[in-house]
Undergrad: 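Got a structure here, written out as structure tokens. Questions coming.
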Amino acid sequence: MKFENIYHVEELTVNGSSKLVNLLLQHGWKILDIVSHSQWSRVEGNTTTSYIIIGASKDVFESYSFKDANEEGETSYGNISF
């Protein structure tokens, strides 16, 4: 999939299970990027949050939306686990 064919993009926080990502990938969604953000504070020390950026063409999104995957995977919006 070329980036110019991307119609819809979602950012998913990585925090424990791969079920939602696998459902989206099985229906034609593509991983566009994986990003980690680290931050240091005196209170919490070093914390890292990772995100998966996933996208779909218009045809793929219309046949299997992010909402469909959430309902099928019984996962709350925006949260996935690895």
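Treat the numbers as computed from the prediction; the structure is a model and nothing was measured.
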Undergrad: Within this structure, what is the CD1-CD distance for the pair I52 and E10, rounded to the nearest 0.5 Å?
TA: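 Answer rounded to 0.5 Å: 12.5 Å.
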Undergrad: Rounded to the nearest 0.5 Å, how far apart are NZ of K67 and CD of E72?
TA: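 It comes to 14.0 Å.
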Undergrad: With sequence neighbours excluded, tell me which residues meet side-chain hydrogen bond (donor to acceptor under 3.5 Å, both in side chains) with D68.
TA: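 So D68 forms a side-chain hydrogen bond (donor to acceptor under 3.5 Å, both in side chains) with S65.
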Undergrad: Could you tell me the separation between the CG atom of L20 and the CG atom of L12, rounded to the nearest 0.5 Å?
TA: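 The CG atom of L20 sits 6.0 Å away from the CG atom of L12.
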Undergrad: Do the side chain of W29 and the main chain of N22 share a donor and acceptor less than 3.5 angstrom apart?
TA: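 Such a contact is absent between W29 side chain and N22 backbone.
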Undergrad: Does the pair F66 and L24 meet the rule for a side-chain contact (heavy atoms from CB on, under 4.5 Å), with working shown?
TA: CA-CA 7 Å; F66 194 76; L24 291 166; 3.7 Å; yes
Undergrad: Check whether any side-chain heavy atom of Y64 sits under 4.5 Å from a side-chain heavy atom of E62, and report yes or no.
TA: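 Side-chain contact under 4.5 Å: no.
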Undergrad: Could you tell me the separation between the CD1 atom of I54 and the CD atom of E11, rounded to the nearest 0.5 Å?
TA: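 Spacing of CD1 (I54) from CD (E11) equals 12.5 Å.
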Undergrad: I'd like to check S38 versus N46 (side-chain heavy atoms, cut-off strictly below 4.5 Å). Are they in contact?
TA: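 Yes, at least one pair of side-chain atoms sits under 4.5 Å.
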Undergrad: Relative to the ring of F61, is the ring of Y7 parallel (under 30°), tilted (30 to 60°) or perpendicular (over 60°)?
TA: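 Rings of Y7 and F61: tilted, as their planes differ by 30° to 60°.
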Undergrad: Would you sort out whether S36 and S50 count as a side chain to side chain donor-acceptor pair (under 3.5 Å), showing the intermediate values?
TA: CA-CA 4 Å; S36 291; S50 297; 2.9 Å; yes
